[in-house]
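Here is the naming used below: chain letters follow the sequence lines, and residue numbers restart at 1 for every chain.
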Protein chains: 2
Amino acid sequence: MSDTSFAYAQVRQAISHQIVEQKLTGSLPSERELCAKYDVARSTLRQALGQLENMGLIYRKNRSGWYVCPRKLKYDPMQHTSFLQYTTAQGFQPSTKLVEQKKQKPCKEIASALTLDGRTSLTSILRVRSVDGRAVVVEELNFSNKHLPNIDKHDLSLSISVLLKNTYHHHNVLYDISVESCCLFNPIAQYLNTYDGALGLKVTRIVRDLDGTAFEFDREYWRHDALMIENKAKLHF
Amino acid sequence: MSDTSFAYAQVRQAISHQIVEQKLTGSLPSERELCAKYDVARSTLRQALGQLENMGLIYRKNRSGWYVCPRKLKYDPMQHTSFLQYTTAQGFQPSTKLVEQKKQKPCKEIASALTLDGRTSLTSILRVRSVDGRAVVVEELNFSNKHLPNIDKHDLSLSISVLLKNTYHHHNVLYDISVESCCLFNPIAQYLNTYDGALGLKVTRIVRDLDGTAFEFDREYWRHDALMIENKAKLHF
DNA sequence: GCTCAATTTTGGTACGGACCAAAATTATGC
DNA sequence: GCATAATTTTGGTCCGTACCAAAATTGAGC
């Protein structure tokens with residue numbers, strides 16, 4: 001399947017085997033132990049561990065150790081099922097923590113996407129969502145005050161889709177989603193208990209009403225190893 | 001925005017600045033030159049370059065050097081526009097190379113997804129697609145011979161959607177797509193002119209007819225830095 | 001000018017050592 | 001028992017060196 005000519009590839013292979021065969025669960029032995037076991041230098045071992053991390057097989061807790069990744073969460077950004085709903089349906093214990101709420105001016109990207117000038121204000125919230133006690137995504141939600149009057153007066157720690165539906169009567173909306181590979185930097189990396197420069201997946205969402213007027217701009221920063229994006233659609237050639 | 005306390009973060013910051021300001025285009029100076037410029041060891045420099053690579057800002061050609069990434073291709077796996085079409089629409093020069101075509105038995109995953117037993121045969125093709133001369137994705141397409149009789153008798157280097165439409169009259173199909181972060185190993189890494197263990201994005205597609213019967217199973221291995229997934233949908237709460 | 005061999009440059013792999021900060025553990029004092 | 005302090009373990013950062021294979025460049029010969 002893959003190269004085994006190099007030391008790091010052999011170590012990677014050996015550990016990945018143990019993980020997929022479930023002979024290795026929970027935490028890995030310390031790096032120095034693994035160095036001794038596979039008879040490689042620490043830098044070589046860390047090269048192997050880094051690739052296993054990229055594969056989504058293991059992750060690290062800062063200065064504590066390496067751990068086998070739990071199974072990935074399946075997530076459909078196009079579906080409007082709530083986080084609570086789709087996580088519990090997959091047998092996870094979800095939790096959400098509202099980190100920050102503020103009213104601010106839009107950045108360039110948001111102003112352009114929501115066709116706002118620089119003076120219009122946004123209501124922004126930042127929240128961290130976890131499954132089984134492991135932080136997996138940082139969400140930054142931005143609502144246009146112009147299109148959603150007094151949105152900042154509501155309790156945004158509750159369900160936002162309910163708020164949009166009941167208060168603003170947005171029953172039908174258009175979604176523009178984009179997904180790309182990214183790096184997670186501080187402070188976002190810290191919220192996810194990972195390191196500055198860790199690998200992530202960035203999901204961007206623009207929400208519009210049926211006229212095409214955009215009123216919400218979201219950025220989601222996911223742990224790359226926590227997420228599998230799924231999507232079903234009917235196609236017409 | 002991000003940590004600058006460490007040497008590798010400072011180097012990363014400095015180079016990323018130069019790139020986004022377009023003061024650095026084409027190829028980067030050699031690693032040893034950069035070491036001298038930023039006064040760091042080569043391992044530290046390579047840590048910074050690795051993160052810039054994860055950010056999708058730079059990539060490497062084997063033993064040749066580091067290069068600034070071209071802009072990303074926008075791709076909607078749910079849309080059935082052809083590769084030719086959406087690449088040229090974005091100003092890229094696409095090309096496709098059929099690497100291999102064979103008739104084989106399905107692996108476990110495919111047999112399960114297409115609800116085939118181990119004896120049913122698949123017609124599989126492997127192709128590499130490039131934009132502007134840069135290989136960006138390896139596609140492995142698997143067609144069920146049972147559901148698409150004599151598919152192996154056709155020229156599969158031509159447009160497959162046209163074939164499905166005209167010969168097999170599949171005008172409406174269902175798509176199950178999944179996207180996740182992955183590692184690219186040989187031989188796929190080699191087709192993409194990258195290294196064993198490089199970062200990638202894996203797109204899996206199951207195609208069904210309107211009865212829900214699956215007849216095609218595809219795996220796409222993308223360079224992580226070449227791709228931005230985009231998707232539009234109409235939602236109903 | 002062109003071809004092909006020799007040379008240099010380049011990144012890729014691998015080693016070893018060193019120091020640090022934070023986490024985890026152990027020992028201490030009450 | 002329990003909170004607290006001291007100690008050990010752990011990964012995180014950083015350095016320097018060495019050697020190799022492949023790519024890129026240079027040089028020799030025609």
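Contact annotation: B/Ser30 does not reach the phosphate of C/dT9 (side-chain N/O to OP1 or OP2, under 4.0 Å). Residue B/Thr44 places at least one side-chain N or O under 4.0 Å from the OP1 or OP2 atom of D/dC15. Within the 4.0 Å cut-off from OP1 or OP2 of D/dA24, at least one side-chain nitrogen or oxygen of B/Ser64 is found.
Classified by interplanar angle (parallel below 30°, tilted 30° to 60°, perpendicular above 60°), the ring pair A/Phe6/A/Tyr8 is parallel.
Cation-pi geometry between B/Arg134 and B/Tyr67 is not met: the NZ or CZ atom fails to fall both under 6.0 Å from the ring centre and inside 45° of the normal.
Both A/Arg46 and B/Arg32 lie near DNA chain D, and the one whose nearest nucleotide falls closer to the 5' end is A/Arg46. If A/Leu45 and B/Arg60 are placed on DNA chain C by their nearest nucleotide, the residue sitting closer to the 5' end is B/Arg60. Ranked by how close their nearest DNA chain C nucleotide is to the 5' end, B/Asn62 and A/Lys61 are led by B/Asn62.
Judged purely by distance below 3.5 Å, without hydrogens or angles, the side chains of B/Glu220 and B/Tyr75 pair a donor atom with an acceptor atom.
Ion pairing between a basic and an acidic side chain is recognised when a charged N comes within 4.0 Å of a carboxylate O; B/Arg219 and B/Glu109 show such pairing.
Atom CD of A/Glu53 is separated from atom C1' of D/dG11 by 12 Å (rounded to the nearest Å). Put simply, CD on A/Gln51 is 12 Å from P on C/dG12, counting in whole angstrom units. Taking atom CG on A/Leu34 and atom C1' on D/dT10, their separation rounds to 12 Å, with Å as the unit. When the P atom of C/dT7 is taken as reference, atom CZ of B/Arg63 falls 21 Å away, rounded to whole Å. In this structure, B/Leu49 atom CG and C/dG12 atom P are separated by 9 Å, rounded to whole Å. Rounded to whole Å, atom P of D/dA21 lies 21 Å from atom OH of B/Tyr195. Rounded to whole Å, the distance from CD on A/Gln47 to P on D/dG12 is 16 Å. Rounded to whole Å, the distance from CD on A/Glu31 to P on C/dG16 is 15 Å.
Side chain of B/Arg42, nearest nucleotide from C/dG12, D/dC15, D/dG11: C/dG12. Taking every side-chain heavy atom of B/Ser43 into account, D/dC15 is the closest of D/dC15, C/dG12, D/dC14. Closest to the side chain of A/Phe6, out of C/dT10, C/dA22, C/dA14, is C/dA14.
Under the side chain to side chain contact (heavy atoms under 4.5 Å, CB included) test applied with B/Leu52, the options B/Gln47, B/Gln13, B/Arg12 reduce to a single match, B/Arg12.
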